[in-house]
Amino acid sequence: MSEQNTNLSEYIPDVPEHNGFHKVVLELGVANHPGVMSHICGLFARRAFNVEGILCMPVGTGETSRIWLLIFEDERLSKMIKQVEKLEDVLYVKQHAGEHPVFGRLDEFFQ
Amino acid sequence: MYQMTGADLIVKLLERQGINTIAGVPGGAALPMYDALSKSEQIHHVLCRHEQGAGFIAQGMARVSGRPEVCLASSGPGATNLITAIADAKLDSIPMIALTGQVPLSMIGTDAFQEVDTYGLTIPITKHNFLVRSAKELLTAVPSAFRIAMSDRPGPVLIDVPKDVQNQMVSFDEFPDVVVPDAAPSFDIAAIEEAARMIEAAERPVLYLGGGVIHSGAAHMAVTLAEQASLPTTMTLMALGAMPMDHPLSLGMLGMHGARYTNYVLEEADLLICVGARFDDRAIGKTAEFCPNAKIIHIDIDRSELHKVKNAHVAIAGDVGQVLSELLPRVKPQLRKRWLSHVESLKGRFPLAMPGVDNPRSPYGLIHAVASCLDDSAIITSDVGQHQMWVAQAYPFRRSRQWLNSGGLGTMGFGFPAAIGAALAAPDRTVVCFSGDGSLKMNIQEMATAAQENVNVKIVLMNNQSLGLVHQQQNLFYGKRIMASRYERPTDFLKIADGFGMRAVDLDPAPNPRATLAEALSTPGPCLIHATIDPNEFVYPMVPPGAANSEMIG
């Protein structure tokens, strides 16, 4: 009995490596009120999904805002987008190529 | 034109939404809401002894009624005490509204007395949450909370209301409409047709039902699908009762403590039809080795569950009931004699062993003795641990919403307050809470609530003076080094029940435990039924955590 038991073990999975080298830009339409950014950033932070850049400004009359996220794509991206889409305050999510110009002109502020 | 305070408006909106019972604990920042409740003739407030108890009582009501139910707490510790019950509701997709008082708006962020960032704390454990900044906002926030809690995949919604917002006067012309769930997402008929073709072509299909079948009220359709296409059917912990356990197609529960034959049947499947389940690790074991030869059809209302753990060959995002009603007429009746007789032979060779089933002083025997005193109308709740798994394996569940337990979060302390909630929602039924001595102590203060409300709740306490499942795992996986899983000093539960004003009976000294049990279960009102069990009884079979389901022990 004890011999058999010593062979038993729990299996605890390793942390998978997420090697994302390919940049992606996400465009989110969101409701504009306090707390929305916390909801969105919390989803990425919990999964250690690295957000490289964030831009957010109100649009139109200020009822809604647009958030631009610059992230490194890995195999979890499509699952991540589905989680973001589920948030009540997120109206839409669009995926753009990493070369999207929205972050391009910001270099001078980060010299 | 109506004019009233925010607190009165909250109570009116709850009444209009059909709320008759609220579980809560008052406190400074919730006092205006309590004052408003004192004027309500419709709402019965159940005073709990701890906010976590209130949260689980609301959950118990919601799990029985299928609609959002409400718990109420004050700011600071009141809100933090609710958190476990909210997180539990999130993981099991239970519609619930948590209302919390908050310090006045002007004091938020100043570390005021009993201030905590309830909104921030509850972001990851709610489906959505609100920090209401004016009484007028309540006109949209409260109905939205109900709509969100019960639409699509249900879940908990928290509304945090600062005290000055509760006191603020608001005028408005019309009450907002009573909200109903949003229409479920539309789905692609072509995918349904593909699913029907796959079911027809499969030689060894298995139907895998999850809690979504219960939430959707679709158990009868799932059973019809199984019968029409001759599908052996397994259920997750959350779906037990969707198909009667004694149905010839039932394989019982799958996973870590499923019967050997159940996991072997899944191993051989060439098609897995997953309906309202989410491939949880306790159910599927090592992901890569679960149903290794099976194509997968996955039906779930939550798109983010599709392809999350296992890639599906056909994935349908829709309400389980609506999808099944489209699928049923497209599925050809089949007999599948070869597959069913093979399943039957696996069942004969590797059945669920239930040692001691005839002895009411052993775990399986006690569960069977309880079941034989009750009919299908009884509601069964459990806490978390060995007793929960024994009940899940052995109790003859035969209908939806008969079985309430904490599946996802696995919260010890769930069972008893949830049973109180169930009894409040269904006062004509007998509610039995199977518990362990570890779990029961985690919300034992609600004995006072049960006695006060005189609910028809019977606790069947399997007392092994230990944290049984921890004890079991230390025995099996940690070289029998027993650390912190045995209670050195016995607790006199009979005296505790007596102290709270709750009847108690002890099966240990009873010359005829079946007769004592039957008498206790049939006498109305709350009662603790105590039974000592052997701490060296283990739950078998068991898949070691993280291992493949085929690697069962015992």
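Not measured: the values here are computed from a predicted model. Residue numbers begin at 1 in each chain, while the letters A, B, ... track the order of the sequences.
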When you check the gap from the basic side-chain N to the acidic O, do Arg66(A) and Glu27(A) get nearer than 4.0 Å? yes
Rounded to the nearest 0.5 Å, what separation is found between the CZ atom of Phe49(A) and the CD1 atom of Ile71(A)? 4.5 Å
Checking His298(B) side chain against Ala317(B) main chain: does a donor-acceptor pair fall under 3.5 Å? no
Does Gln474(B) use its side chain to pair, donor to acceptor, with the backbone of Met483(B) at less than 3.5 Å? yes
Below 4.5 Å from any heavy atom of chain A, which atoms of Lys286(B) appear? Answer side chain, backbone, both or neither. side chain
Part of Glu305(B) within contact of chain A (heavy atom distance under 4.5 Å): neither
Picking from Glu551(B), Gln473(B), His128(B), which has the most non-hydrogen pairs under 4.5 angstrom with chain A? His128(B)
Pick whichever of Leu306(B), Asp302(B), Leu131(B) has the most heavy-atom pairs under 4.5 Å with chain A. Asp302(B)
Region of Pro124(B) in contact with chain A, defined by heavy-atom distances below 4.5 Å: neither
Output yes when Arg282(B) and Asp280(B) qualify as a salt bridge under the 4.0 Å nitrogen-oxygen rule, no when they do not. no
